[in-house]
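Take a look at the structure set out below.
Below, chains carry the letters A, B, ... as their sequence lines are ordered, and counting in each starts from 1. What you are looking at is a predicted structure, and each value in this text was computed from that prediction instead of being measured.
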Number of protein chains: 2
Amino acid sequence: MSHYRLNYLQQIRDRGYRLTPQRALILDALCSLNGHATANQVYELIEAQAPAINRATVYRTLAFFCQLQMVSESQMNGATVYEIIQERPHHHLVCRLCGDVSLLEDHHLAELSQQLTQAHGFTADLNHLTISGICAGCQSGVGE
Amino acid sequence: MSHYRLNYLQQIRDRGYRLTPQRALILDALCSLNGHATANQVYELIEAQAPAINRATVYRTLAFFCQLQMVSESQMNGATVYEIIQERPHHHLVCRLCGDVSLLEDHHLAELSQQLTQAHGFTADLNHLTISGICAGCQSGVGE
DNA sequence: TTTGTTTTAGCAAATTTTTGCAATAACAAT
DNA sequence: ATTGTTATTGCAAAAATTTGCTAAAACAAA
Ligand SMILES: [Mn+2]
Ligand SMILES: [Mn+2]
Ligand SMILES: [Zn+2]
Ligand SMILES: [Zn+2]
C-alpha cells in the first residue's frame, strides 16, 4: 500500500512542482490510513507524529494531489474521503440505507468508458467512482 | 421545469413528513434556478422574494430532499449543486480542464445499472451522475 | 374550532473549509 | 556554497456548513 513504487514523489518534481516535506507526509499518511481517509484523519495522523503541519496545508495539498490525479476525492456517507490512486483503478457501491461500502471492479466500467469516447470524444477519469443505491442485504429486508 | 407535475409537495405528506412553506419555497427556487444551483443561490433567491428563511433551513432542507430522492446533489467544478430529480434521469460529463458541463443521456448507463443488479444485487440510484474527464475540445488542443 | 403531540424552523454557537498575505524554503543558476 | 527567484507554507481572518437547543407551527384527533 505504499505510494513509493508509484514514484509520486519523483513525479511531483517531474511535473514542475516542488517536493516539500508536507507533501511527502500527506502521501505517507494516506498510505498508512489505507484508503478512504478524511482530511481531518490525515491532519491528526501527521500531527501525532510531527506536530508541525497546518490544517490549511492539508486541505490545499489534498486538492493539489487530486488535480494531479495522484489522489481521488469521493463522497462516502456524507464524508469527503481521499485515497491514493493506484495503477489499477477500483470503485465502490455505497448503500444509502445501511452505509455499506463494497468494491466494484474496474472492468464493470470498461463498456461505459468506451461509449463515452465513441459518442462524445470524452476521456473519462474513472479513477474511483462511487455509486449510491441500495445493497442486496437491504433489499431482502436483512438491513432493517 | 415545474416540480408540481411531479407531486412532490403531496409526496412529502404521503411519506409521513410535514409540508412547510419553507420546503415549498425551496422546491420552487430550485425550479426557477433551472438545475445545478448552489445552496447559496437557493438562499438568495428566496431571500429576495420572502425575506424570512434561515440558511440552516436551506441546508437541512436540501439534505432532506436528497434523502427523499426528490433532489440530487453533485459536485461540479468545485461547487456542490442541487437539482430537482425529474422522472427521466440525466447525467453529465464535466471537463477537468475547461470546466465544460455536457449532457449524458441516461441510456448510456443502462448496461452498467443492469450489471450492478446482476453481479451485486445492487440497485443503483443513478439519478444524476457526474463523470469527470477531458472533453473532446480540450483533447484536440482547442481548449488551450 | 380547539387542543395536544411531534416535527420542523430559527437562532446562536461550533465546526469545517477556504482565502489573502507575508515569511519561508525549494530549487536552479551561479 | 551562495544567491536569486518563485512556489509553497503558516497564520489569521473569512466564509461555508453543521449542530444543539428552544420556540413555532403542522397536523391529527377531539
Ligand atoms: Mn476505494
Ligand atoms: Mn443536471
Ligand atoms: Zn444496505
Ligand atoms: Zn474541456
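- Annotation: side chain of B:Leu30 is not in contact with side chain of B:Glu83 (no heavy-atom distance under 4.5 Å).
- Within the structure, the salt bridge (charged side-chain N to carboxylate O under 4.0 Å, His left out) test picks out the following pairs touching residues 123-137 of chain B (sequence neighbours left out): A:Arg96-B:Asp125.
- Within the helix from C:dT1-D:dA30 to C:dT30-D:dA1, the inter-axis angle between the opening and closing five-pair segments is 40°, rounded to 10°.
- Put simply, CD on A:Glu44 is 9 Å from P on C:dT16, counting in whole angstrom units.
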#### Entry: nucleotides 22-30 of chain C: protein proximity per nucleotide (B base, S sugar-phosphate only, - neither; heavy atom, under 4.0 Å)
---BBSS--
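- At least one side-chain heavy atom of A:Ile84 sits less than 4.5 Å from a side-chain heavy atom of A:Tyr8.
- The side chain to side chain donor-acceptor pair (under 3.5 Å) with A:His128 is formed by just one residue from the set A:Glu73, A:His90, A:His91; it is A:His90.
- The footprint of chain B on DNA chain D, defined by a heavy-atom cutoff below 4.0 Å, extends from D:dA16 to D:dA28.
- Looking at B:Thr38 and B:Thr80, their side chains never come closer than 4.5 Å, going by heavy atoms from C-beta outward.
- Counting Ile, Leu, Val, Met, Phe, Trp and Tyr side chains that sit under 4.5 Å apart, directly or through other members, B:Leu97 shares a hydrophobic cluster with B:Ile134.
- Proximity of residues 53-67 of chain A to DNA chain D (heavy atom under 4.0 angstrom from any strand atom) is restricted to A:Ile53, A:Asn54, A:Ala56, A:Thr57, A:Arg60.
- If you check every strand for non-hydrogen atoms under 4.0 Å, A:Ala79 touches nothing.
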